[in-house]
Amino acid sequence: MNKQLFQLLWRHYRKRLIALGAISLLVIIGISLADAGTWVVKPGQRLLSDQVNQWMLYQFSNRGTVSLFPVWLLFVFWVGGFLLMNQDLKDHFNQFLFTSGYRRQTIYWAKLLLGLGVLLGITVMTTGVQYLVYWLKVPAGVTFNLAWPGVLASWGIGLANAVGMFAIFWFAALIIGQTGALIVTVSGFTLSVVGWANVWSQWIKMTPVQSEWVSALGWVVATLILFIWGSVLYARLSLEHNGEYLMFPGLKVPVYIVFVLYVTFLFSVNAGELAPGLTAFIISALFGYWWLWRPRFSRLRHRSDAD
């Protein structure tokens, strides 16, 4: 990667990324203090349960709330994907980059590596502050018994989920050109995916440990697909469609089909009757068609008015 390109990108992104890091540190201090307020321990006891010695995500203690990889960081990565991709459409930074002489593939992967590198640094600082607050708040005579299996598993699973959240917003911000619609779309999709991940793990009868690792693997695969697909689309990005819902008009039909099928599935999979699924299909089909093709109707109306 070109060092000058990284320096250029860092000068452009540093204010928003530093602000994101500062907010993350302030929030984690509050979360850590709130966690410490739930602890009920006596001298001679250990703060963490025996679960910390297992290769699984550690999120609680039988003596109070303890997290070795805070859920808050999932939101930080999620917002990071938005800040790095969406804002470049609004401040015309993409237009500047495309005329700078660098190949688009080089620009794309440099932006991605820089963003993930900074977010990893924010993760290290955030969890470091969290552990420090925990250590300072541990009562006298109580052991803060960290163990590598629980720490490494929590970090591995947590980072897989966090980078997956980043990839969702990163990819969506590449193909959706309207900020408000982007936030609504990604928020709804993220909530539904998280909810159905929990339901899916119950359907296939996995243990909690198996469910966590399978979920992490799923996030890794999905992330790689979105990153690679994003690089292909970024090379074909046309600023002509900036401000439209879809930056790539050729994706309208696939997005429409996926949207209708996905919404229909959500409302029919647990229903014992045909009516909920059929209703969801009709409403999603009509709404999706109106939403994706309404700019064309609007242009036709303006054209007829001009005539």
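Only a predicted model underlies this, so the values are computations on that prediction, with no experimental measurement involved.
The side chain to side chain donor-acceptor pair (under 3.5 Å) check on Tyr256 picks up nothing, with sequence neighbours excluded. In terms of the ring pair (Phe, Tyr, Trp, His ring centres under 6.0 Å) criterion, residue partners of Phe82 (sequence neighbours excluded) are, by chain and number, Phe169. Every residue two or more places apart in sequence or in another chain that forms a side chain to side chain contact (heavy atoms under 4.5 Å, CB included) with Ile282 is listed here: Leu278, Leu286. Partners of Val184 according to the side chain to side chain contact (heavy atoms under 4.5 Å, CB included) rule, which considers only residues two or more places apart in sequence or in another chain, do not exist here. Residues meeting the side chain to side chain contact (heavy atoms under 4.5 Å, CB included) test with Val79, sequence neighbours left out: Leu20, Phe75, Leu83. Evaluation of the side chain to side chain donor-acceptor pair (under 3.5 Å) rule for Thr127 yields no partner, not counting sequence neighbours. Under the side chain to side chain donor-acceptor pair (under 3.5 Å) criterion, Trp78 pairs with Thr190, sequence neighbours left out.
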Check residues 149-165 and write down every donor-acceptor pair under 3.5 Å in which the side-chain atom is one partner and the other belongs to a residue at least two apart or another chain.
residue : atom : partner : partner atom : Å
Ser154  : OG   : Tyr58   : N            : 2.9
Ser154  : OG   : Gly150  : O            : 2.7
Asn161  : OD1  : Trp219  : NE1          : 3.2
Asn161  : ND2  : Ile157  : O            : 3.4

Name the atoms and distances for all side-chain donor-acceptor pairs under 3.5 Å in residues 135-147, with sequence neighbours left out.
residue : atom : partner : partner atom : Å
Asn145  : OD1  : Leu47   : N            : 3.4
Asn145  : OD1  : Leu48   : N            : 2.9
Asn145  : ND2  : Leu48   : O            : 3.0

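Judged as a salt bridge (Lys or Arg N to Asp or Glu O under 4.0 Å), not a single pair has a partner in residues 151-174 (not counting sequence neighbours). The list of side-chain hydrogen bond (donor to acceptor under 3.5 Å, both in side chains) pairs with a residue in residues 27-38, not counting sequence neighbours, reads Asp35-Tyr134. Residue pairs meeting the salt bridge (Lys or Arg N to Asp or Glu O under 4.0 Å) criterion with at least one partner in residues 16-30, sequence neighbours excluded, are Arg16-Asp91.
Contact annotation: the side chain of Ile176 never approaches that of Asn86 to less than 4.5 Å [non-hydrogen atoms, C-beta and beyond]. A heavy-atom distance below 4.5 Å is not found between the side chains of Trp148 and Asn53. Ile28 has its side chain within reach of Pro70: a pair of non-hydrogen atoms, C-beta onward, lies under 4.5 Å apart. The shortest side-chain heavy-atom distance between Lys111 and Asn94 falls under the 4.5 Å cut-off. In this structure, the side chains of Leu119 and Ile122 come closer than 4.5 Å at one or more pairs of heavy atoms. Considering only heavy atoms from C-beta on, Arg236 stays 4.5 Å or farther from Arg104 through its side chain. In this structure the side chain of Val76 never reaches within 4.5 angstrom of the side chain of Thr126, judged on heavy atoms.
Atom CD of Gln4 has 12 or fewer neighbouring heavy atoms from other residues, nucleotides or ligands inside a 6.0 Å radius.
With ring centers used as reference points, Phe98 lies under 6.0 Å from Tyr234. Proximity of the aromatic rings of Trp170 and Tyr108 is defined here by a centroid distance below 6.0 angstrom, and this criterion is met.
Contact between Ala172 and Val186 at its shortest, heavy atoms only, is CB-CG2, 3.4 Å.
For the atom pair OG1 of Thr185 and CD1 of Ile168, the computed distance is 12.5 Å after rounding to the nearest 0.5 Å.
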Stepwise side-chain contact (heavy atoms from CB on, under 4.5 Å) test for Tyr131 and Leu68: CA-CA 8 Å; Tyr131 291 179; Leu68 300 184; 3.6 Å; yes

